[in-house]
Amino acid sequence: MAKPRRFQILIQQLYKSTCHRNPPALLQHLRTLTQIPNLPEKSLHPKSHHTLSTPNFYPSSTNCTTYRHFSSDRHDNSDNNDETEEDDSDYDDDDVDDDEMRDDAPNHGVKREYSPEEKEAEAAAIGYKVIGQLQRSDRVFKTYEPVFAVIQIGSHQFKVSNGDCIYTEKLKFCEVHDKVILNKVLMLGSKTQTMIGRPVLPEATVHAVVEEHALDAKVIIFKKKRRKNYRRTKGHRQELTKLRITDIQGIEKPEIPTPEKATTKKVEKTAVAA
């Protein structure tokens with residue numbers, strides 16, 4: 001333990017000898033033996049970026065700060081610095097290109113604005129057409145008629161009749177209390193006749209009113225891989241639109257007997273019996 005201590009003291013004395021302009025004879029002799037050159041005064045300046053000052057470990061000795069010199073020199077690595085600057089410029093150009101591409105890319109958070117023609121075309125592809133808002137004066141809910149229709153909305157089919165209520169996937173471009181015409185009618189039927197489309201009946205339509213936009217019950221989606229420590233749980237609630245069927249057109253509807261006609265027939269029967 002004593003030898004490393006002596007060696008450390010010797011090294012510190014040698015560094016101190018470099019700080020003195022006129023070191024003692026013993027230090028001068030040690031410096032000549034170890035062949036440590038005299039350092040210039042500029043390199044000992046504390047503001048130099050090539051040196052790092054270290055505190056004095058022995059307060060009893062002469063007050064002098066020692067410096068550690070790093071092997072890396074900025075002038076020696078000028079070529080490497082130029083190459084790195086070129087590389088940085090290349091990266092900067094790439095960053096600018098990425099920023100420009102991001103600016104040109106569409107914003108997913110912003111809703112797309114559709115023109116009336118695009119709205120009508122997309123709604124027709126799904127299978128409906130928006131007429132307008134339901135007014136208080138409109139008497140769309142008529143008396144029940146024993147007629148049914150099979151309609152297609154998107155990729156789903158429904159069997160409906162007058163007054164029924166159905167839930168479909170959320171219909172775009174329509175709001176609550178909007179009157180809607182469902183164009184894709186696959187089949188119509190009544191007590192007396194049945195009409196089947198090939199695949200759609202062109203002259204048949206089903207009228208409906210949008211009552212509300214709602215959310216379906218939550219569905220839990222659970223994924224697991226055995227022996228892989230992989231488990232994922234996710235929930236989903238499907239957006240729905242509630243439609244109330246108001247009228248079915250395109251087929252002959254049976255007449256509904258009114259209460260006046262029924263009373264007249266009963267009177268005639270009683271008169272004949274008498």
Any sub-3.5 Å donor-acceptor pair from [X]'s side-chain atoms to [Y]'s backbone N or O?
| X | Y | value |
| --- | --- | --- |
| Arg244 | Val209 | no |
| Lys184 | Ala125 | yes |
| Gln238 | Leu240 | no |
| His177 | Gly132 | no |

Any side-chain heavy-atom pair of [X] and [Y] under 4.5 Å:
| X | Y | result |
| --- | --- | --- |
| Arg198 | Val200 | no |
| His207 | Lys179 | no |
| Arg237 | Val219 | no |

Contact summary for Glu212 and Val176, nearest pair of heavy atoms:
CA-CG2, 4.1 Å
Going from [atom1] on [X] to [atom2] on [Y], what distance comes out if it is rounded to the nearest 0.5 angstrom?
| X | Y | atom1 | atom2 | answer |
| --- | --- | --- | --- | --- |
| Ile251 | Met195 | CD1 | CE | 6.0 Å |
| Gln133 | Asp138 | CD | CG | 10.5 Å |
| Gln157 | Leu186 | CD | CG | 5.0 Å |
| Thr233 | Phe222 | OG1 | CZ | 5.0 Å |
| Leu243 | Glu211 | CG | CD | 8.5 Å |

Hydrophobic clustering (ILVMFWY, side-chain heavy atoms < 4.5 Å, transitive) - are Val150 and Ile153 grouped together?
no
Give the C-alpha distance, both sets of side-chain angles, the deciding distance and a yes or no for side chain to side chain donor-acceptor pair (under 3.5 Å) between Glu239 and His213.
CA-CA 7 Å; Glu239 294 182 344; His213 295 292; over 6 Å; no
For the residue pair Lys119 and Tyr114, would you count it as a cation-pi contact if the rule is NZ or CZ under 6.0 angstrom from the ring centre and within 45 degrees of the ring axis?
no
May I ask you to establish whether Lys159 and Phe148 are in a cation-pi arrangement, using a distance under 6.0 Å from NZ or CZ to the six-membered ring centre and at most 45° from the ring axis?
yes
Could you give me the CA-CA distance, side-chain angles and deciding distance for Glu118 and Arg112, then say whether salt bridge (Lys or Arg N to Asp or Glu O under 4.0 Å) is met?
CA-CA 11 Å; Glu118 292 176 350; Arg112 178 185 171 188; 3.6 Å; yes
